[in-house]
Colleague: 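I'd like to ask you about the structure that follows.
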2 protein chains.
Amino acid sequence: MGDAEPRTAGGRVTVKEVADYAGVSAMTVSRTLSGGKNVRADVQRRVMDAVSALGYHRNENARSMRPGHTSGLIGVAITNLGNPYYGGFALGVEEVAATYGRRILLGNTGEVLARETQLISDFVGRQVEGLIVVPTGGAGEHLQPRALGHIPLVLAARSIPGVSADTVLLDDTSGAYEGTKRILQAGHRRVAFLGNSVSVSTATRRFEGFCQALAEFGLAPDPDLVLRGQQDVPAARRAMEQILQHSAPPTAVFSANNRNTIGALEAISAARDAGSVTTPPTLIAFDDVELANQMNVPILTISHDPKALGAEAARMLFSRLDGDFTSSEARIFNLAVSVGNIRS
Amino acid sequence: MGDAEPRTAGGRVTVKEVADYAGVSAMTVSRTLSGGKNVRADVQRRVMDAVSALGYHRNENARSMRPGHTSGLIGVAITNLGNPYYGGFALGVEEVAATYGRRILLGNTGEVLARETQLISDFVGRQVEGLIVVPTGGAGEHLQPRALGHIPLVLAARSIPGVSADTVLLDDTSGAYEGTKRILQAGHRRVAFLGNSVSVSTATRRFEGFCQALAEFGLAPDPDLVLRGQQDVPAARRAMEQILQHSAPPTAVFSANNRNTIGALEAISAARDAGSVTTPPTLIAFDDVELANQMNVPILTISHDPKALGAEAARMLFSRLDGDFTSSEARIFNLAVSVGNIRS
DNA sequence: CTGTTAGCGCTTTCAG
DNA sequence: CTGAAAGCGCTAACAG
């Protein structure tokens with residue numbers, strides 16, 4: 001009896017079935033479920049019993065189709081969920097979205113533009129109320145308001161030339177500048193640079209900050225010591241090995257992201273074990289990396305909180321959705337980064 | 001002209017509007033969009049022009065409401081996206097789901113049972129075709145088939161007593177057993193244990209494997225050296241500090257997950273810097289941790305691929321959805337773990 | 001307090 | 001080859 005199984009083969013329970021079971025009309029069920037205003041208490045109880053007996057769940061999709069209603073969905077496209085940084089980012093988005101009663105539709109682009117385009121188009125078709133995108137960096141036609149059905153878009157971590165949308169960025173340039181300056185003030189004069197893909201705006205901005213600080217000390221980057229384009233740990237490790245083998249190795253190395261930092265630390269560690277390096281260079285590491293401070297390699301970390309970045313992206317989006325911010329002008333939010341002290 | 005803005009305030013473009021614009025009926029638009037069978041070529045072109053002029057996106061929610069159609073959504077509930085392990089897991093799920101043309105609805109439970117319950121109920125309301133859940137570990141009434149509207153469920157990483165569902169697990173017990181055995185064979189006899197929450201089945205299974213190996217060598221775990229319940233890095237670090245200060249410290253320490261491994265390594269590193277420890281204990285670390293092998297602490301890693309676990313969970317789910325597997329019996333998949341060699 | 005009607009956007013019949 | 005009607009599950013608006 002309590003185990004009633006009245007669903008029509010494969011289908012799910014509907015209001016109508018609940019109504020029949022409780023001996024009322026669909027409207028009474030609907031009303032009961034949305035607070036019970038204008039429904040007699042005993043009828044409400046009868047309805048709730050039916051709901052629980054049949055295992056009824058209101059169909060939110062049908063519900064959001066009615067005029068005035070929205071889907072309660074936010075589309076989030078991320079380049080690489082496998083990078084711990086973006087896991088933290090997604091968490092920040094999710095937590096704020098939950099606060100606003102919204103759910104996350106998540107997609108991973110794998111840094112592939114076509115996939116990003118397809119994903120976003122699908123999200124729009126699924127009636128998301130807004131989009132948060134960490135763009136791969138290619139041309140942004142698919143990010144133009146028309147392609148998005150004019151739903152609000154927030155870009156995160158990277159900006160795209162020609163796309164005018166609210167954007168949350170790290171204070172890349174000034175973080176890199178401050179970190180590099182700190183190392184120059186400590187007396188270093190020969191500083192290498194390890195960076196990820198040049199097409200990623202973040203990488204460019206960090207490189208700029210790096211160069212600015214050098215310039216202020218009357219220095220220019222040594223082309224031999226600038227290695228860019230390493231997108232994963234093995235590539236970063238090879239790049240660092242190359243730097244360590246330089247005839248006049250640098251005394252410090254700027255690493256533009258967490259992948260490069262890990263590769264660099266692996267290379268240093270291996271070289272030290274092999275005896276080919278005794279005094280490792282000082283690292284200026286953009287992004288936090290677990291255990292990096294325990295490696296007995298002098299390191300200056302430029303820290304920032306991925307979760308905070310995600311949370312800010314979500315807040316920016318909701319300020320549009322709730323009509324708190326209506327200007328058609330795009331906002332840019334720069335999340336502060338903090339330059340620590342040289343450790344170890 | 002190309003910039004037509006015909007949407008009724010706030011609303012989105014509908015088939016009807018596209019039809020009017022192209023001077024055809026809604027049906028012709030619909031047919032064109034689903035392949036163009038039985039539509040004259042020139043009419044198709046006219047429709048496509050209208051679609052692109054108006055920026056039309058087919059409403060997938062309305063579409064999936066029609067008989068026979070499904071939502072194309074998979075609900076994924078994870079305990080902590082901030083843990084890199086679960087980022088990799090989510091990636092594995094996403095990639096396989098994309099292969100099957102499905103999208104991910106993602107929620108983070110934060111190890112809070114109430115949140116998990118609410119999330120899952122919402123997912124069901126949103127017509128997900130299936131669920132993949134890393135359960136927090138509490139009672140599983142909300143995971144019973146009736147509560148789920150009988151949609152397929154796959155549990156991941158942890159199992160729940162009383163819930164019969166397809167499950168993907170790591171080979172926790174045997175991995176822990178093999179790792180511990182290896183360390184005992186290397187001559188260690190005093191081995192500590194650092195674990196996460198006891199209510200998590202994974203933690204229990206790893207502890208069992210650990211004990212099994214000890215027993216085989218005629219040993220029993222020393223209660224003083226078994227510290228469980230550390231859920232984050234700071235707690236793990238404190239636990240390891242306590243172990244290091246023991247009057248008769250262990251020569252090896254089993255760490256049951258990545259949080260405990262990082263905490264332990266931090267504690268060892270600090271103690272070594274402070275001079276209070278000269279010969280660090282050997283670590284048996286369940287879960288891979290970036291940089292752990294470079295810490296100059298002898299370490300045996302019990303490795304496994306979070307992405308592979310996620311992918312397997314998704315495959316198991318789709319085998320149900322596609323009707324390839326219809327038995328009501330729950331399957332358990334154990335993902336192999338690999339025990340490496342003692343490093344450093 | 002409760003039920004009937006109508007329609008959200010779409011597509012499967014069934015008629016032309 | 002094309003269109004009109006009908007209905008997926010739900011709930012405002014309007015009776016009663």
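Remember, it's a predicted structure, so these values are computed and weren't measured experimentally. So that the names make sense, note that chain A is the first sequence line, chain B the second, and so on, each numbered from 1.
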Colleague: Starting at CZ of B:Arg126 and ending at P of D:dC10, how long is that distance when rounded to a whole Å?
Modeller: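 In whole Å, D:dC10 P lies 14 Å from B:Arg126 CZ.
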
Colleague: With side chain to side chain donor-acceptor pair (under 3.5 Å) as the criterion, how do B:Ser319 and B:Arg331 come out once you've worked through the C-alpha distance, each side chain's angles and the decisive distance to 0.1 Å?
Modeller: CA-CA 11 Å; B:Ser319 75; B:Arg331 291 166 293 177; 3.0 Å; yes

Colleague: Can we say A:Glu94 and A:Arg103 salt-bridge, meaning some charged N sits less than 4.0 Å from an Asp/Glu carboxylate O?
Modeller: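 So A:Glu94 does not pair with A:Arg103 through a salt bridge.
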
Colleague: Just to confirm, is there a sub-4.0 Å distance from OP1 or OP2 of D:dG3 to any side-chain nitrogen or oxygen of B:Thr28?
Modeller: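 Looking at the OP1 and OP2 atoms of D:dG3, one of them is under 4.0 Å from a side-chain N or O of B:Thr28.
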
Colleague: Rounding to an integer number of Å, can you tell me how far A:His69 NE2 sits from C:dG9 P?
Modeller: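 Rounded to the whole Å, the gap is 14 Å.
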
Colleague: Can you list, by residue number, the residues of residues 59-68 of chain A that have a non-hydrogen atom closer than 4.0 angstrom to DNA chain D?
Modeller: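 By residue number: A:Asn59, A:Ala62, A:Arg63, A:Met65, A:Arg66.
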
Colleague: Can A:Asp122 and A:Arg126 be counted as an ion pair, charged N to O under 4.0 angstrom?
Modeller: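 Yes, charged N to carboxylate O under 4.0 Å.
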
Colleague: Just by modelled atom types, is the A:Leu81 backbone N or O under 3.5 Å from a matching donor or acceptor in the A:Asn108 side chain?
Modeller: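 Present.
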
Colleague: Please round to 10 degrees the angle between the axis of the first five pairs and the axis of the last five pairs in the helix from C:dC1-D:dG16 to C:dG16-D:dC1.
Modeller: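 Comparing the first five pairs with the last five, the axes sit 50° apart.
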
Colleague: Test salt bridge (Lys or Arg N to Asp or Glu O under 4.0 Å) on B:Lys16 and B:Asp20; report intermediate values, then the result.
Modeller: CA-CA 6 Å; B:Lys16 188 70 181 58; B:Asp20 289 352; 3.0 Å; yes

Colleague: Where the side chain of B:Arg46 meets the backbone of B:Tyr21, is there a donor-acceptor pair that is under 3.5 Å apart?
Modeller: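 No; zero donor-acceptor contacts below 3.5 Å.
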
Colleague: Checking B:Arg158 now: which residues fulfil salt bridge (charged side-chain N to carboxylate O under 4.0 Å, His left out) with it, not counting sequence neighbours?
Modeller: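 So B:Arg158 forms a salt bridge (charged side-chain N to carboxylate O under 4.0 Å, His left out) with B:Glu111.
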
Colleague: Output a table of nitrogen or oxygen pairs between the protein and nucleotides 13-16 of chain D separated by less than 3.5 Å.
Modeller:
none

Colleague: Quickly work out the B:Glu17 CD to C:dC8 P distance and round it to whole Å.
Modeller: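 Rounding to the nearest Å, CD of B:Glu17 and P of C:dC8 are 11 Å apart.
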
Colleague: Is a side-chain donor-acceptor pair under 3.5 Å present for A:Ser30 with A:Arg58?
Modeller: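 No pair is found: no donor N or O on one side chain lies under 3.5 Å from an acceptor on the other.
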
Colleague: To the nearest angstrom, how far is B:Asn38 atom CG from C:dG16 atom C1'?
Modeller: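 It is 14 Å, rounded to the nearest whole Å.
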
Colleague: Mind checking what makes salt bridge (charged side-chain N to carboxylate O under 4.0 Å, His left out) contact with A:Glu116, not counting sequence neighbours?
Modeller: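 Not a single residue meets the salt bridge (charged side-chain N to carboxylate O under 4.0 Å, His left out) criterion with A:Glu116.
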
Colleague: Please report the distance, rounded to the nearest Å, between CZ in A:Arg58 and P in D:dC10.
Modeller: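 Roughly 9 Å, once rounded to whole Å.
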
Colleague: For B:Tyr56, which residues count as a ring pair (Phe, Tyr, Trp, His ring centres under 6.0 Å) partner, sequence neighbours excluded?
Modeller: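 Ring pair (Phe, Tyr, Trp, His ring centres under 6.0 Å) check on B:Tyr56 returns nothing, list empty.
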
